[in-house]
2 protein chains.
Amino acid sequence: MPKPITFGQFLRESRESKVAADRGFSLRKVAERVGIEPSYLSKIERDEQPPPGEGVIRQLAVELSEDPDVLLAMAGKVSSDLLAIIRSRPRLFADLIRQLKNLPDHAVLRLVREVRDGSW
Amino acid sequence: MPKPITFGQFLRESRESKVAADRGFSLRKVAERVGIEPSYLSKIERDEQPPPGEGVIRQLAVELSEDPDVLLAMAGKVSSDLLAIIRSRPRLFADLIRQLKNLPDHAVLRLVREVRDGSW
DNA sequence: ATGGGTGTGTAGTAAATACTACACACATGC
DNA sequence: GCATGTGTGTAGTATTTACTACACACCCAT
């Protein structure tokens, strides 16, 4: 297994990869746009503090052009809209997700596409 | 819509439906088997306190022979094993679940069965 | 009338969550 | 050499989560 990258590391790398080309990606600037204190973001990026709440993570995803679901996953969370969908039909979705647990990506992707393309 | 039943109401009804036939389903006895204080269970059943944590909910499900996923959903939660599955492949599962959001039950059920019966 | 069982009221606590506010030290450009 | 911008250190706070401990009042059976 490739060593698991932490939420903070990922954020820092994403941000630093952009700050060279655009000075608007300094820690302070990003923190301001996101709406949090710079010191807070600093601690998060160094994994000194646990990841922030969903709202802040979503803002960070926007600012850094990252996938919100991936960022949330790294933070040990799952998007609240997905939770709501599952809660609306718990048995159905619980069964399905557990069935899919060990299926390879391509098989699940096939499902996604079939559903989307409406062969239903 | 039929008025939404609360977590506490559901628990109380489930327990009281059993206590007539089996005195082991008194609030105190159930609380003891579950491993919580009777006063705590009392407050939960009357929705005076928010629902307990996942572990206690699972114990309640066992004692009352209810579906854990349904009970968790009523408590506004989602089973932690499902969360772990989603977090392991966030983009894949996020896409899939959002696709299925508005599909009728029978269509999702068909998916579940097809996957289970391994036409894959 | 008392002992065991019932549910409930009151009062608390420990830990986690999600942050803020401000000061500090360093660097860099003008 | 001073302002401006950089990241970081320290010290806190409010809210939520997840409960415990114990006392009280009622019922009913012996």
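Chain naming here is simple, since letters A, B, ... match the order of the sequence lines and numbering starts at 1 in each.
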Looking at A:Lys101 and B:Ile85, would you say the former's side chain and the latter's main chain have a donor-acceptor pair under 3.5 Å? no

Count the heavy atoms belonging to other residues, nucleotides or ligands that lie under 6.0 Å from CZ of B:Arg33, then report whether that count exceeds 12. yes

For atom CD of A:Glu45 and atom P of D:dG9, their distance in whole Å: 13 Å

Measure the CG-CG distance between B:Leu96 and A:Leu96 for me, rounded to the nearest 0.5 Å. 6.0 Å

List every contact pair, protein side and nucleotides 3-7 of chain D side both N or O, where the distance is under 3.5 Å.
{"residue": "D:dT6", "atom": "OP1", "partner": "A:Ser26", "partner atom": "OG", "Å": "3.0"}
{"residue": "D:dT6", "atom": "O4", "partner": "A:Arg28", "partner atom": "NH2", "Å": "3.1"}
{"residue": "D:dG7", "atom": "OP1", "partner": "A:Arg15", "partner atom": "NH1", "Å": "3.3"}
{"residue": "D:dG7", "atom": "OP1", "partner": "A:Leu27", "partner atom": "N", "Å": "3.1"}
{"residue": "D:dG7", "atom": "OP2", "partner": "A:Leu27", "partner atom": "N", "Å": "2.8"}
{"residue": "D:dG7", "atom": "OP2", "partner": "A:Arg28", "partner atom": "N", "Å": "3.1"}
{"residue": "D:dG7", "atom": "N7", "partner": "A:Arg28", "partner atom": "NE", "Å": "2.9"}
{"residue": "D:dG7", "atom": "N7", "partner": "A:Arg28", "partner atom": "NH2", "Å": "2.9"}
{"residue": "D:dG7", "atom": "O6", "partner": "A:Arg28", "partner atom": "NH2", "Å": "2.4"}

Contact class for B:Gly35 (heavy atom, under 4.0 Å): base, sugar-phosphate, or nothing? sugar-phosphate

Taking only the side-chain nitrogens and oxygens of A:Lys77, find out if one of them lies under 4.0 Å from OP1 or OP2 of C:dT17. no

Group every Ile, Leu, Val, Met, Phe, Trp and Tyr by side-chain heavy-atom contacts under 4.5 Å, then state whether A:Val19 and A:Ile44 land in the same group. yes

A:Glu16 atom CD, neighbour heavy-atom count above 12 within 6.0 Å: yes

Using a cutoff of under 3.5 Å, can you pull out all pairs of nitrogen or oxygen atoms linking the protein to nucleotides 11-16 of chain C, with atom names and distances?
{"residue": "C:dA11", "atom": "N6", "partner": "B:Lys43", "partner atom": "NZ", "Å": "3.4"}

Length of the CD-P vector between A:Glu37 and D:dT13, whole Å: 16 Å

Round to a whole Å and report the spacing from CG of B:Leu41 to P of C:dT6. 12 Å

Atom NZ of A:Lys77 and atom CD of A:Glu54: how far apart are they, to the nearest 0.5 Å? 8.0 Å

A:Val70-A:Val112 co-clustered via ILVMFWY side chain contacts under 4.5 Å: no

Can B:Phe93 be reached from A:Leu83 by stepping across I, L, V, M, F, W or Y side chains whose heavy atoms are under 4.5 Å apart? yes

Are more than 12 heavy atoms, taken from residues, nucleotides or ligands other than A:Arg91, located less than 6.0 Å from that residue's CZ atom? no

What is the distance from CD of A:Glu54 to P of C:dC19, rounded to the nearest Å? 11 Å

Could you state the atom-to-atom distance from OH of B:Tyr40 to P of D:dT20 in whole Å? 7 Å

For DNA chain D, whose closest nucleotide is more 5', that of A:Glu48 or that of B:Val56? A:Glu48

